[in-house]
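Below: the structure, in structure tokens.
Order of the sequence lines fixes the chain letters, A, B, ..., with proteins taken first and strands second; residue numbering starts at 1 for each chain. These values consider heavy atoms only, across backbone and side chains, with no hydrogens, waters or symmetry-generated copies.
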Amino acid sequence: MPSKFCDKVYGIIKKIPPGRITTYKEVARCLNTRAYRAVGAALKANPHAPEVPCHRVVKSDGSIGGYSAKGGVKKKIMILEDEGVHVCGGRIDSFKRRFFRLGK
DNA sequence: CGCTTGACACCGT
DNA sequence: AACGGTGCCAAGC
């Protein structure tokens, strides 16, 4: 049984619809924990490639955050733009509007 | 079993 | 409003 922290994180992120974004803290909050750092660590491993849209997870202040995948943050921004999320100066445009509130 | 690290968050200055 | 330092949780060595 997968009930590992990382797996839960992946499951939640997979539920994020296209064009929407969420924060590390929100994901942790959904799991009833404050391990927002662990969430980032899980995404860093990201064994599931495009199936888990880790690029849709950003910081709470609206900044992009990081991206270990090929292309780095640059690529992350590109994908977000492609999803319809505009990014200016490393910050999400209309961050609150694009924010996806997780159930919990 | 214990210390260090990290794709962050929060508070103080 | 911007920058720096400190704290939280889980995973890795």
Side-chain angles (χ1 to χ4, degrees):
Chain A
M1 270 315 316
S3 292
K4 284 173 82 78
F5 185 81
C6 328
D7 294 319
K8 291 181 181 180
V9 174
Y10 302 142
I12 293 175
I13 295 178
K14 273 195 292 191
K15 287 165 192 161
I16 302 175
R20 295 288 167 178
I21 56 176
T22 190
T23 65
Y24 299 98
K25 187 187 172 204
E26 190 63 20
V27 176
R29 179 74 65 168
C30 188
L31 296 175
N32 273 306
T33 181
R34 298 170 195 92
Y36 26 80
R37 303 283 325 213
V39 174
L43 293 181
K44 182 171 150 196
N46 194 15
H48 312 272
E51 190 174 349
V52 178
C54 43
H55 58 267
R56 288 177 194 157
V57 184
V58 297
K59 290 216 216 168
S60 297
D61 64 335
S63 57
I64 298 300
Y67 200 64
S68 292
K70 208 162 36 173
V73 181
K74 181 89 172 171
K75 181 71 175 178
K76 182 171 182 177
I77 295 174
M78 188 178 75
I79 297 173
L80 288 174
E81 287 283 353
D82 186 62
E83 293 284 328
V85 181
H86 295 277
V87 180
C88 295
R91 291 276 299 194
I92 300 291
D93 186 30
S94 303
F95 168 64
K96 291 190 70 176
R97 203 165 68 131
R98 293 288 174 180
F99 184 81
F100 178 69
R101 186 61 125 98
L102 295 173
K104 163 51 207 176

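Within residues 53-61 of chain A, the residues that place at least one heavy atom under 4.0 Å from DNA chain B are, in residue-number order, A:C54, A:K59, A:S60. Using a 4.0 Å cut-off on heavy atoms, none of the residues of residues 78-98 of chain A approach DNA chain B.
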Encode nucleotides 7-13 of chain C as B, S and - characters from 5' to 3', where the letter depends on protein heavy atoms closer than 4.0 Å: B to the base, S only to sugar-phosphate, - to neither. BBSSS--

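One can place OH of A:Y10 at 12 Å from C1' of B:dA7, the figure rounded to the nearest angstrom.
With sequence neighbours excluded, no residue satisfies side chain to side chain contact (heavy atoms under 4.5 Å, CB included) with A:K15. With sequence neighbours left out, A:K14 forms a salt bridge (Lys or Arg N to Asp or Glu O under 4.0 Å) with A:E51. Legend: residues meeting salt bridge (Lys or Arg N to Asp or Glu O under 4.0 Å) with A:R34, ordered by chain and number and at least two apart, are absent.
The nearest pair of heavy atoms linking A:Y67 to A:V73 is CB-N, 3.8 Å. Taking all atoms of both residues into account, the shortest heavy-atom contact from A:T23 to A:S60 is CG2-CA, 3.7 Å. Here the closest non-hydrogen pair linking A:G103 and A:C30 is O-SG, 3.3 Å.
Each of A:V39 and A:F99 belongs to its own hydrophobic cluster when Ile, Leu, Val, Met, Phe, Trp and Tyr are linked at side-chain heavy-atom distances under 4.5 angstrom. Under the 4.5 Å side-chain heavy-atom criterion for grouping Ile, Leu, Val, Met, Phe, Trp and Tyr, A:L102 is not connected to A:V58 through any hydrophobic cluster.
Here the side chains of A:V87 and A:F95 are not in contact, with every heavy-atom distance at 4.5 Å or above.
Between A:K25 and B:dC10, a side-chain N or O to OP1/OP2 separation shorter than 4.0 Å is present.
A salt bridge between A:R98 and A:D93 is absent, with no side-chain N of the basic residue lying under 4.0 Å from a carboxylate O of the acidic one.
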